[in-house]
Asker: 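Have a look at this one.
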Amino acid sequence: MELKQLQYFMAICEELHFTKAAEKMGVSAPNISQQIRRLEEELGVLLFDRVGKTIVLTDAGAILREHGTAVFKHLQQAGDAIADLKQMQGGSLSIGVLPGDADLMFNAMLLNFHQTYPTISLSLLETTKVTEQVLDRSIDVGVTIGPVIDERLTTIPLFHEEFSLAVSVHDPLATESFIPLSRLQTLKMVMFPPDHQCRKLIDHFCRESGFALQPHMVTTTLSSLLQMVQSGVGPCVLPRLLLENLHNPDIKVVHLRNPTPSQDICLIYRSDRYVGYAMRTFIKTLRAYIETAIQHAKSS
């Protein structure tokens, strides 16, 4: 069995059409048909049943497709590993995050990462389709809301994220250690717009509690939200880990209860991809960054 024959066979499995498979492989239809006949003669079995213009895999063809998939997966991993070696601990990595999470989670970490690993090129993409884009390989890794259950993906839990209320130290609420979530409906809130991931989560918990949040002010940036909070325009709901690591003396963190808005954050990548130096380094750095942030929050 030649590798080229296996490539032709896999192309036909994808297209279920000899002419289309031939076009995909850049050869003539008679050529690809001849190679498949030779492969069938060598194996002593039919790989396809031909019914008119329709072809289907035989049982033997299904077995070969399964093993052919594994062969090309290993070849891709070998190529990735060699490319990674040639880059001498450099490389590039594309990271997908949900809209808004770049500001909330990554800006400070990416700056430190670049300073520590200047030979690794990172690109950060905000997308609502993190899982889909990891699966179609348009991004290498994704950070998204868990759980993500898909046998094609490797999932690494990062942390459980809870949300709290940020208020000005001069706000009467600053004397409270916690308030019930239902109290938000009586406050003049400042929030992200409705399509922001953080806002979507808070709106969901508010609806579950029987009310709709009606913010007094809406802005798209984290910096403007924090400025309005510390200026006394109104309180805002943000990730507690973020707020406690800001160490802003003009902002007090008030816990939300009954219920506490929260979500699980995880990192995902395709299980069949080679985990090279760039990805290994990013995952290690991200987990250390989150662990440090959690420890700082506990000690503050």
Asker: Can you name the side-chain contact (heavy atoms from CB on, under 4.5 Å) partners of Leu226, sequence neighbours left out?
Answerer: Leu222, Leu238, Leu243, Leu246, Ile251
Asker: Which pair of heavy atoms, one from Val141 and one from Val134, lies closest together, and at what distance?
Answerer: C-CG2, 3.9 Å
Asker: Give me each pair satisfying side-chain hydrogen bond (donor to acceptor under 3.5 Å, both in side chains) with a member in residues 166-176, each pair once, sequence neighbours excluded.
Answerer: none
Asker: Give me each pair satisfying salt bridge (charged side-chain N to carboxylate O under 4.0 Å, His left out) with a member in residues 218-242, each pair once, sequence neighbours excluded.
Answerer: Glu162-Arg240
Asker: Is any side-chain N of the basic residue among Asp140 and Arg270 closer than 4.0 Å to the acidic one's carboxylate O?
Answerer: no
Asker: Could you tell me whether a side-chain N or O of Ser209 sits under 3.5 Å from a main-chain N or O of Ser182, the two making a donor and an acceptor?
Answerer: no
Asker: Which atom names give the shortest non-hydrogen contact between Asp272 and Arg137, and what distance separates them?
Answerer: OD2-NH2, 2.9 Å
Asker: Listed by chain and number, what are the ring pair (Phe, Tyr, Trp, His ring centres under 6.0 Å) partners of Tyr8, not counting sequence neighbours?
Answerer: none
Asker: Go through the structure and list residues passing side-chain hydrogen bond (donor to acceptor under 3.5 Å, both in side chains) with Asp250, not counting sequence neighbours.
Answerer: none
Asker: Looking at His114, I want to see if its NE2 is surrounded by more than 12 non-hydrogen atoms of other residues, nucleotides or ligands under 6.0 Å.
Answerer: no
Asker: Sequence neighbours left out, what passes salt bridge (charged side-chain N to carboxylate O under 4.0 Å, His left out) with Glu23? Give chain and number order.
Answerer: none
Asker: With sequence neighbours left out, write down each residue that passes side-chain contact (heavy atoms from CB on, under 4.5 Å) with Asn112, or none if nothing qualifies.
Answerer: Gln115
Asker: What pairs meet the salt bridge (charged side-chain N to carboxylate O under 4.0 Å, His left out) rule with one or both residues in residues 182-201, with sequence neighbours excluded?
Answerer: Arg199-Asp203
Asker: Does Ala21 have any side-chain contact (heavy atoms from CB on, under 4.5 Å) partners at least two apart in sequence or in another chain, and if so, which?
Answerer: Ala11, Ile12, Glu15, Ile32
Asker: Applying side chain to side chain contact (heavy atoms under 4.5 Å, CB included) to Leu57 and Cys13, what does each step give before you reach the verdict?
Answerer: CA-CA 8 Å; Leu57 279 168; Cys13 288; 3.8 Å; yes
Asker: Could you go through Ser123 and Ser94, starting from their C-alpha distance and side-chain angles, then the distance that decides it, and tell me whether this counts as side chain to side chain donor-acceptor pair (under 3.5 Å)?
Answerer: CA-CA 5 Å; Ser123 59; Ser94 56; 4.7 Å; no
Asker: Does any pair with a residue in residues 58-73 pass side-chain hydrogen bond (donor to acceptor under 3.5 Å, both in side chains), and if so which ones, sequence neighbours excluded?
Answerer: none
Asker: Over 60° means perpendicular and under 30° means parallel, so tell me whether His196 and Phe192 are parallel, tilted or perpendicular.
Answerer: parallel
Asker: Looking at residues at least two apart in the chain, or sitting in another chain, which of them share a ring pair (Phe, Tyr, Trp, His ring centres under 6.0 Å) with Tyr269?
Answerer: none
Asker: Any idea which heavy atoms bring Phe163 and Cys198 closest together, and the distance?
Answerer: CE2-SG, 3.4 Å
Asker: Could you list the residues that satisfy salt bridge (charged side-chain N to carboxylate O under 4.0 Å, His left out) with Arg152, not counting sequence neighbours?
Answerer: Asp150
Asker: Determine the interplanar angle of the Phe9 and Phe48 rings, folded into 0 to 90°, and report it as parallel if under 30°, tilted if 30 to 60°, perpendicular if over 60°.
Answerer: tilted
Asker: Looking only at non-hydrogen atoms, find the nearest pair between Pro261 and Ile202 and report the distance.
Answerer: CB-CD1, 3.9 Å
